[in-house]
Engineer: 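Before I ask anything, here is the structure I am working with.
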Amino acid sequence: MSLPPLTLYLAAPRGFCAGVDRAIRIVEMALQKWGAPVYVRHEIVHNKYVVDDLRAKGAVFVEELDDCPNDRPVIFSAHGVPKAVPAEAARREMIAVDATCPLVTKVHNEAARHFSNGLQMVMIGHEGHPETVGTMGQLPPGEVLLVETVEDVPGLQVRDPAKLAMITQTTLSVDDTKDIAAALQARFPAIVIPAKDDICYATTNRQAAVKAIAPKIDALLVIGAPNSSNSKRLVEVGSASGCAYSQLVQRAADIDWRALSGITSVGITAGASAPEVLINEVIDAFRARFETTVELVETAVENVEFKVPKVLRETA
Ligand code: 0JX
Ligand code: SF4
């Protein structure tokens with residue numbers, strides 16, 4: 001029996017970003033340098049496959065520093081940590097390696113600069129997300145106020161409307177963030193808004209690639225985890241760009257094939273924490289069910305690379 005024809009538009013860039021690649025390398029190199037177990041505070045990146053793989057190699061994932069012994073190394077996840085966390089690790093004389101993405105650290109530094117200039121901050125981000133918790137935790141309580149939506153802006157109670165700055169989470173929707181920034185500027189004309197928001201290159205590029213394929217496709221599958229902010233934003237961008245069936249899947253086993261019956265085109269992308277092996281698994285699952293032609297839709301070429309911390313570049 002012949003299979004139905006399908007064009008599979010594969011977004012590029014997709015999948016691992018430089019910060020994720022670096023964070024995973026940090027855990028692997030720490031295991032090599034110090035042996036198992038190496039503790040990791042929070043999922044190193046939000047992906048079960050990645051976490052399970054590192055766990056099998058000897059990483060132990062915990063949510064809090066309190067769950068780590070003093071005499072084993074601890075790694076802080078790519079999303080960043082409040083200032084109190086490395087301070088506590090130093091107090092306990094632990095070996096601590098920071099896998100915070102340098103682009104998240106850049107926002108931490110920016111927040112510290114605004115603070116030293118006497119500015120209170122409004123952060124656009126998602127409440128409770130570890131990156132937001134980490135960035136807000138760079139400064140004393142009350143110095144960074146959080147807004148999640150345009151609707152949150154009128155209710156903001158600021159110390160002095162003339163002394164305000166805006167910062168953002170790195171993995172937000174580019175378009176939604178523009179709207180929230182505009183609402184902030186309308187209410188607080190003096191607010192210091194960076195030339196560009198803090199959304200990173202990887203988030204921006206993956207969203208642009210989804211926008212390019214959305215008009216061509218009957219369905220969009222985003223490979224990523226339910227706790228991955230940047231992956232969830234890709235699903236939203238798909239829907240907002242006209243692809244009514246936009247779904248997050250962790251891997252091929254999650255695909256609802258009944259919902260996809262009758263389609264002739266599909267778009268595939270992956271969040272910054274989703275490994276290529278899972279993307280290939282999804283493509284193979286389509287090949288098994290459809291006469292599949294793969295078309296790459298490349299809207300940008302990325303060549304960003306981050307070095308691991310010096311302690312791991314030195315030989316043991
Ligand atoms: O939930 P996020 O998108 O912030 O994290 P994830 O999925 O682990 O992606 C990589 C880490 C991103 C940090 O900015
Ligand atoms: Fe860094 Fe962006 Fe990747 Fe987050 S998504 S780890 S900020 S490059």
Side-chain angles (χ1 to χ4, degrees), residues 11 13-27 40-54 59 61 63 75-82 98-111 123-138 146 148 167-174 176-177 194 196-210 222-237 248-251 269-276 278-279 300-309:
R14 65 176 176 281
F16 276 13
C17 61
V20 164
D21 179 68
R22 172 180 180 269
I24 295 171
R25 265 187 296 135
I26 287 175
V27 180
V40 185
R41 186 190 175 281
H42 193 69
E43 290 190 341
I44 186 74
V45 299
H46 291 146
N47 189 271
K48 182 174 159 27
Y49 185 94
V50 169
V51 167
D52 287 347
D53 180 59
L54 293 172
F61 291 88
E63 276 312 305
I75 297 169
F76 305 139
S77 80
H79 318 93
V81 286
D98 190 3
T100 303
C101 175
L103 299 179
V104 174
T105 303
K106 194 174 134 215
V107 184
H108 292 182
N109 295 339
E110 195 181 312
M123 176 169 187
I124 307 177
H126 297 286
E127 191 168 9
H129 186 281
E131 183 181 329
T132 301
V133 172
T135 301
M136 294 179 76
Q138 297 305 302
L146 185 69
E148 298 193 81
I167 56 172
T168 78
Q169 202 176 319
T170 57
T171 53
L172 302 178
S173 149
V174 171
D176 292 353
T177 304
K196 206 193 140 293
D197 51 49
D198 302 311
I199 299 172
C200 76
Y201 82 94
T203 299
T204 307
N205 289 347
R206 279 152 194 67
Q207 289 177 17
V210 165
V222 177
I223 299 155
N227 57 343
S228 167
S229 166
N230 79 86
S231 306
K232 287 193 290 188
R233 303 295 81 81
L234 293 174
V235 176
E236 291 168 5
V237 169
L248 188 70
V249 292
Q250 302 209 54
R251 56 189 309 167
T269 188
S273 43
E276 194 68 13
L278 297 181
I279 300 162
V301 176
E302 294 177 345
N303 47 22
V304 181
E305 227 177 276
F306 296 129
K307 275 191 196 157
V308 300

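A quick note: this is a predicted structure, and the numbers were derived from the prediction, not measured. First listed ligand is number 1; within each ligand, the first listed atom is number 1.
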Engineer: Everything protein-side that's N, O or S and under 2.8 Å from atom 2 (Fe) of ligand 2: list it, residue and atom.
Structural biologist: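 Result, waters dropped: Cys200 SG.
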Engineer: For Lys307, does the NZ atom have more than 12 heavy-atom neighbours from other residues, nucleotides or ligands under 6.0 Å away?
Structural biologist: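 Counting other residues, nucleotides and ligands, NZ of Lys307 stays at 12 neighbours or fewer.
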Engineer: Any luck finding a side-chain donor-acceptor pair between Glu131 and Thr170 under 3.5 Å?
Structural biologist: yes
Engineer: Compare all side-chain heavy atoms of Thr132 with those of Leu146 and state whether any distance is below 4.5 angstrom.
Structural biologist: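 Counting from C-beta outward, Thr132 and Leu146 do come under 4.5 Å.
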Engineer: If you count every heavy atom of other residues, nucleotides or ligands that lies below 6.0 Å from Glu276 atom CD, does the total exceed 12?
Structural biologist: yes
Engineer: How long is the gap from CG on Asp197 to CD1 on Ile167, to the nearest 0.5 Å?
Structural biologist: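 Reported value, rounded in 0.5 Å steps: 12.0 Å.
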Engineer: Whether the side chain of Arg22 engages the backbone of Glu305 through a donor-acceptor N/O pair (distance < 3.5 Å, no angle test) should be reported.
Structural biologist: no
Engineer: Considering residues at least two apart in sequence or located in another chain, which fulfil the side chain to side chain contact (heavy atoms under 4.5 Å, CB included) criterion with Ala99?
Structural biologist: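 For Ala99 the side chain to side chain contact (heavy atoms under 4.5 Å, CB included) partners, ignoring immediate neighbours, are Ala23, Ile26, Ile44, Ile75.
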Engineer: Main chain of Arg233, side chain of Gln207: is a donor-acceptor contact present, judged purely on distance under 3.5 Å?
Structural biologist: no
Engineer: List the residues meeting side chain to side chain contact (heavy atoms under 4.5 Å, CB included) with Asp176, not counting sequence neighbours, and say none if there are none.
Structural biologist: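 Result, side chain to side chain contact (heavy atoms under 4.5 Å, CB included) vs Asp176: Ser173, Glu236.
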Engineer: For ligand 1, list the protein residues that place a heavy atom within a distance below 4.0 Å of one of its atoms, sorted by chain and number.
Structural biologist: Val20, Val45, His46, His79, Val104, His129, Glu131, Thr170, Thr171, Asn227, Ser228, Ser229, Asn230, Ser273
